[in-house]
*Asks:* 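Following this message is one structure expressed as structure tokens.
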Amino acid sequence: MDPNDTTSSPSRRAVLGGMGAGMAAAAAMPGISPAAAQQAGGAAAVPPQAAKRNPLTQYPKPPFPQQQQEPPGLASKMEPRPDHGEKSYRGAGKLIGRKALVTGGDSGIGRAAAIAFAREGADVAINYLPVEEPDAREVVQLIEAEGRKAVAIPGDVRDEGFCGQLVARAVEGLGGLDILVNNAAQQASRQSILDITTEQFDSTFKTNVYAMFWITKAALPHLAEGATIINTSSIQAYEPSANLLDYAQTKACIVSFTKAMAKQLVQKGIRVNAVAPGPFWTPLQPSGGQPPDKITTFGEDSPFGRPGQPAELGPTYVLLASQESSFVTGEVYGATGGNPTP
Ligand code: NAD
Ligand code: MG
């Protein structure tokens, strides 16, 4: 799963045109059957991400290699590398001309959203921490390969001043703002409340809750009717793990924030929704989000017996960002691999 693969770039597409770029892209996907690849490249031109497959076996299952990184971690150092839809996502013009800001857009779920948005025709600004520059560079290349504008804005969202600058720089770089994805998060596993310092508690809330408040507040004057906000919550909002006491609370905050903001903004024609993922294979987990001994079996507790891959959420962010979900606001979209959400 090499994100530098150029299968989807315009020049490579032209080269592959004779054999059907969809088929080539699908054939390059691990675990995809020749039949599904053929379907993906056939006359009906089913996009690779929509080719019929068995979700149980579609992506890698535990056991995974033991691995640890310092937070926030890099997708490029994970084994196996997460699939963010680099090779599989094909757009259909659902976001042509839109301008999107995605926090945590360098890796994981935010990267999947950023790639999918660009392939749907949007210009995309991404925020991330400066140490994540290598991951961010890959995303910028992928956005630019679509002929879209990419604006890279590194910085720490725990700082209110930076959150204001982030929005201002995104608006300036993109020429406006239509889609805001509040997705950045900190997750630090601790077995006991006695192990959670005030510093950690504060940092988790600043990253996951305050930043969403500050960025949304700064963005609002720039959002016109038809704009959309998507916040990344978690199944942890409803089914908190004992070792994620502070993190789980922030994810519950995000659900309440989403529902109240949806009510505030409905008369402006702006919709606000959230996504609640279950376990996803992203740098958040092997960089302190889980106890080190839980990485090799990560995702095995989901009914699918595997973690989700970020690529499995790109289409969800597109749906919620686009006009196709025009009657949906204040909603929380679960993608948990089968663990029920309320
Ligand atoms: P990820 O590590 O790829 O993304 C999180 C991003 O947050 C990082 O890339 C980083 O850029 C950003 N970030 C962290 N601290 C920051 C700070 N102080 N300033 C600026 N940016 C900062 O992991 P992910 O799993 O894709 O996380 C994306 C979202 O998905 C998060 O909101 C997370 O809570 C949520 N989520 C993840 C899972 C999962 O299992 N991976 C499950 C449920 C919800
Ligand atoms: Mg990252």
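Read the numbers this way: they start at 1 and go in the same order the structure lists the ligands and their atoms. Index from 1, following the sequence.
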*Asks:* Ignoring hydrogens, just give me the one of Gly155, Ser287, Gly73 whose non-hydrogen atom is nearest atom 20 (C) of ligand 1.
*Replies:* Gly155
*Asks:* Taking the minimum heavy-atom distance to atom 7 (O) of ligand 1, which of Gly110, Ala136, Ala185, Ala276 ranks first?
*Replies:* Ala185
*Asks:* For ligand 1, is there an atom lying under 4.0 Å from some heavy atom of Lys251?
*Replies:* yes
*Asks:* Identify which of Thr204, Asn183, Thr103, Asp156 has a heavy atom lying nearest to atom 32 (O) of ligand 1.
*Replies:* Asn183
*Asks:* I need the nearest protein heavy-atom contact for atom 16 (C) of ligand 1: residue, atom name and distance, please.
*Replies:* Leu129 CD1, 3.6 Å
*Asks:* For atom 36 (N) of ligand 1, what is the nearest protein heavy atom, given as residue, atom name and distance?
*Replies:* Tyr247 OH, 3.6 Å
*Asks:* Which residue and non-hydrogen atom of the protein lie closest to atom 8 (C) of ligand 1, and at what distance in Å?
*Replies:* Glu132 OE2, 3.2 Å
*Asks:* Can you find an N/O atom of Val157 closer than 3.5 Å to an N/O atom of ligand 1?
*Replies:* yes
*Asks:* What is the closest protein heavy atom to atom 38 (C) of ligand 1, and at what distance does it sit?
*Replies:* Gly278 O, 3.8 Å
*Asks:* At the Mg ion (ligand 2), what is the angle formed between atom OG of Ser107 and atom OD2 of Asp106, rounded to the nearest 10°?
*Replies:* 100°
*Asks:* Test of understanding: given a 4.0 Å heavy-atom threshold, classify the contact between Pro279 and ligand 1 as side chain, backbone, both, or neither.
*Replies:* backbone
*Asks:* Please report whether the ring centroid of Trp281 lies less than 6.0 Å from that of Phe64.
*Replies:* yes
*Asks:* Among all protein heavy atoms in this structure, tell me which lies nearest to atom 3 (O) of ligand 1, with the distance rounded to 0.1 Å.
*Replies:* Ser107 OG, 2.6 Å
*Asks:* Quick check: are there more than 12 heavy atoms from other residues, nucleotides or ligands sitting under 6.0 Å from CD of Gln68?
*Replies:* yes
*Asks:* Among all protein heavy atoms, pick the one closest to atom 24 (P) of ligand 1 and tell me residue, atom and distance.
*Replies:* Thr282 OG1, 3.3 Å
*Asks:* Check Glu300 with Lys61, please: is the shortest side-chain N to carboxylate O separation under 4.0 Å?
*Replies:* no
*Asks:* For atom 13 (N) of ligand 1, tell me which residue out of Pro154, Pro71, Ala184, Pro72 has the closest non-hydrogen atom.
*Replies:* Ala184
*Asks:* For the side chain of Gln66 and the backbone of Asp293, is there at least one donor-acceptor N/O pair under 3.5 Å apart?
*Replies:* no
*Asks:* So which heavy atom in the protein is nearest atom 2 (O) of ligand 1, and how far is it from that ligand atom?
*Replies:* Leu284 N, 3.3 Å
*Asks:* Counting only heavy atoms closer than 4.0 Å, does ligand 1 sit against the backbone of Gln285, its side chain, both, or neither?
*Replies:* side chain
*Asks:* Among the N, O or S atoms that Glu132 has, which is closest to the Mg ion (ligand 2)?
*Replies:* OE2
*Asks:* In terms of residue, atom name and distance, what is the protein heavy atom nearest to atom 35 (C) of ligand 1?
*Replies:* Thr232 CG2, 3.5 Å
